[in-house]
Amino acid sequence: MKKHYLHKQICTLLLFIVFIPCYGQVDGNMFRCSLRDKSVNLWFGTIGKGVYRYDAVSGGFTNFTKQDGLNSNSIESVYEDKAGNLWFGTEFGVCRYDGKSFIDITKKEELCKFDVNCIVEDRSGNIWIGSNGWGVCRYNPISGSVTNFTKEQGLGSNAIQCILEDKAGNLWFGERAGGVCRFDSATNSFSKVVGEGCFSSQIMDIKEDKMGNIWFANLYNGVCRYDGKSFTHINKEKGLCNDTVTCVYEDKKGNIWFGCGSSKWDSGVGRLCRYDGKSFTGFEKIDSFGSTDVWTIVEDNDGNIWVGTRSGLFRFHSPSNRFINYTFKVNNHD
């Protein structure tokens, strides 16, 4: 009986190791989010090591952690507002950086206390904060007022992964268990977006390109493109390198980059995909060990593409068509 029980336990453990995707795991070199600020410096948020700033002039890295005022060393999102302040979403809420010091906004204003996945400023100056389990907080930095929206106010899920304000002023919300919804400022309410069947229930990222197309990254279901009139579903059958899409980014040339992850359905396929408007180019081998889950993509002022993954930070070298590993340099920046 004991032998049978032990065999069962081992099989269960192997099932989790082999088949369960790695989303949400804490990795010492997991680069979760990125941003190019108005001064063209790059910012990289990590899980466990705070945030790194890459100086565009010197090429050096500076690390900011709890010792510098962050409320956590696990950074889920980074955003720059119109005034140039940087907002960091962490496992314990929100911190704002004015270029000199960090302020724990969550502690000060009592808003979205845990797991902040995304932050966006709307055209009226309100800060929208999406959390994993607490819905959305709308914060007015001038008045200090906070409004919390949850499923009771029309959200499809209280787990909000991404937010986009498009060029027309519409606010789109991607959810981890409810698909997509849109906010109507006139009625102060949310409505579910059906998307003609091309959405999965888990939306990892929403971005608008220069042409006005809105791209939705589906976990396990490719991407969905909205041109203002209709939705188009794009998956592996239509050329996409991987159906497990985690992030979307448009570079200066207008190429759309898709970061991808691993799953039992997509083993051995590209972890990074580039779309030039006509065809897709896949990049499978990012590090020397093979494929690795991509979480964030950003372009520097010189046109280099940086890729943050579950196992480190890499920069794409176009002439050689290969990736340069910056993980060691970041970890030894001093």
Side-chain angles (χ1 to χ4, degrees), residues 17 20-37 41-56 58-66 70 72-78 88-91 117 204-205 217 219 241-242 244-249 251 257-263 266-274 281-334:
I17 293 174
I20 302 301
C22 298
Y23 303 108
Q25 285 187 356
V26 175
D27 190 305
N29 288 318
M30 182 174 176
F31 285 74
R32 184 66 181 83
C33 55
S34 59
L35 169 81
R36 184 178 71 243
D37 66 21
N41 297 310
L42 300 183
W43 295 79
F44 299 98
T46 73
I47 301 300
K49 292 186 177 180
V51 64
Y52 290 92
R53 182 182 63 200
Y54 175 73
D55 190 291
S58 69
F61 289 91
T62 303
N63 186 213
F64 299 94
T65 65
K66 289 176 66 176
L70 284 168
S72 170
N73 286 334
S74 291
I75 312 299
E76 298 286 346
S77 56
V78 55
F88 297 93
T90 79
E91 62 177 335
N117 294 324
M204 301 299 291
D205 197 9
L219 191 62
C241 315
N242 191 322
T244 306
V245 184
T246 55
C247 57
V248 183
Y249 186 83
D251 65 23
W257 295 76
F258 304 98
C260 305
S262 58
S263 76
D266 283 319
S267 59
V269 298
R271 296 290 175 260
L272 189 65
C273 196
R274 184 181 62 203
T281 301
F283 303 88
E284 180 178 349
K285 197 171 184 179
I286 295 174
D287 64 9
S288 58
F289 302 102
S291 299
T292 183
D293 299 340
V294 173
W295 279 108
T296 186
I297 304 168
V298 68
E299 183 179 20
D300 65 24
N301 199 46
D302 295 321
N304 299 302
I305 298 296
W306 295 72
V307 180
T309 77
R310 191 167 60 89
S311 60
L313 179 65
F314 304 85
R315 192 178 76 181
F316 180 60
H317 185 251
S318 299
S320 64
N321 207 43
R322 68 186 182 91
F323 292 87
I324 301 171
N325 194 336
Y326 270 74
T327 310
F328 179 80
K329 186 175 181 179
V330 171
N331 290 338
N332 296 273
H333 60 281
D334 293 331

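Nothing here was measured: the structure is a model prediction, and the numbers come from that model.
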Within the structure provided, determine whether [X] and [Y] are in side-chain contact (heavy-atom separation under 4.5 Å).
X: Val51; Y: Phe88; answer: yes
X: Asp300; Y: Val298; answer: no
X: Arg274; Y: Phe283; answer: yes
X: Phe31; Y: Val307; answer: no
X: Asn29; Y: Lys49; answer: yes
X: Asp37; Y: Trp43; answer: yes
X: Tyr52; Y: Phe64; answer: no
X: Cys33; Y: Ile75; answer: yes

**Parallel, tilted or perpendicular: ring planes of Phe323 versus Phe316, cut at 30 and 60 degrees** = tilted
**Prompt:** What pair of heavy atoms forms the shortest contact from Thr246 to Ala217, and how long is it?
**Reply:**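 Looking at all heavy atoms of both residues, the shortest contact is C-CB, 4.4 Å.
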Drop me the distance from [X]'s [atom1] to [Y]'s [atom2], to the nearest 0.5 angstrom.
X: Lys329; Y: Ile324; atom1: NZ; atom2: CD1; value: 10.0 Å
X: Thr62; Y: Arg53; atom1: OG1; atom2: CZ; value: 4.5 Å
X: Phe258; Y: Ile297; atom1: CZ; atom2: CD1; value: 9.0 Å
X: Leu219; Y: Asp205; atom1: CG; atom2: CG; value: 12.0 Å
X: Glu91; Y: Ser72; atom1: CD; atom2: OG; value: 3.5 Å
X: Ile305; Y: His317; atom1: CD1; atom2: NE2; value: 13.5 Å

Please check if the side chain of [X] supplies one atom and the backbone of [Y] the other of a donor-acceptor pair under 3.5 Å.
X: Arg36; Y: Glu299; result: yes
X: Thr327; Y: Leu313; result: yes
X: Asn242; Y: Thr244; result: yes

**Request:** Assess whether side chain to side chain contact (heavy atoms under 4.5 Å, CB included) is satisfied between Ser74 and Ile47, documenting all intermediate values.
**Result:** CA-CA 4 Å; Ser74 291; Ile47 301 300; 3.9 Å; yes
**Message:** Please enumerate all residues that pass salt bridge (Lys or Arg N to Asp or Glu O under 4.0 Å) together with Glu76, with sequence neighbours excluded.
**Reply:** Arg32
**Message:** Would the pair Cys241 and Cys273 meet an SG-SG distance criterion of under 2.5 Å?
**Reply:** yes
**Message:** Checking Tyr54 now: which residues fulfil ring pair (Phe, Tyr, Trp, His ring centres under 6.0 Å) with it, not counting sequence neighbours?
**Reply:** Phe61, Trp306
**Request:** Determine, stepwise, if the pair Val78 / Ser34 fulfils side chain to side chain contact (heavy atoms under 4.5 Å, CB included).
**Result:** CA-CA 7 Å; Val78 55; Ser34 59; 5.6 Å; no
**Request:** Show your reasoning for whether side chain to side chain contact (heavy atoms under 4.5 Å, CB included) applies to Trp257 and Leu272.
**Result:** CA-CA 7 Å; Trp257 295 76; Leu272 189 65; 3.7 Å; yes
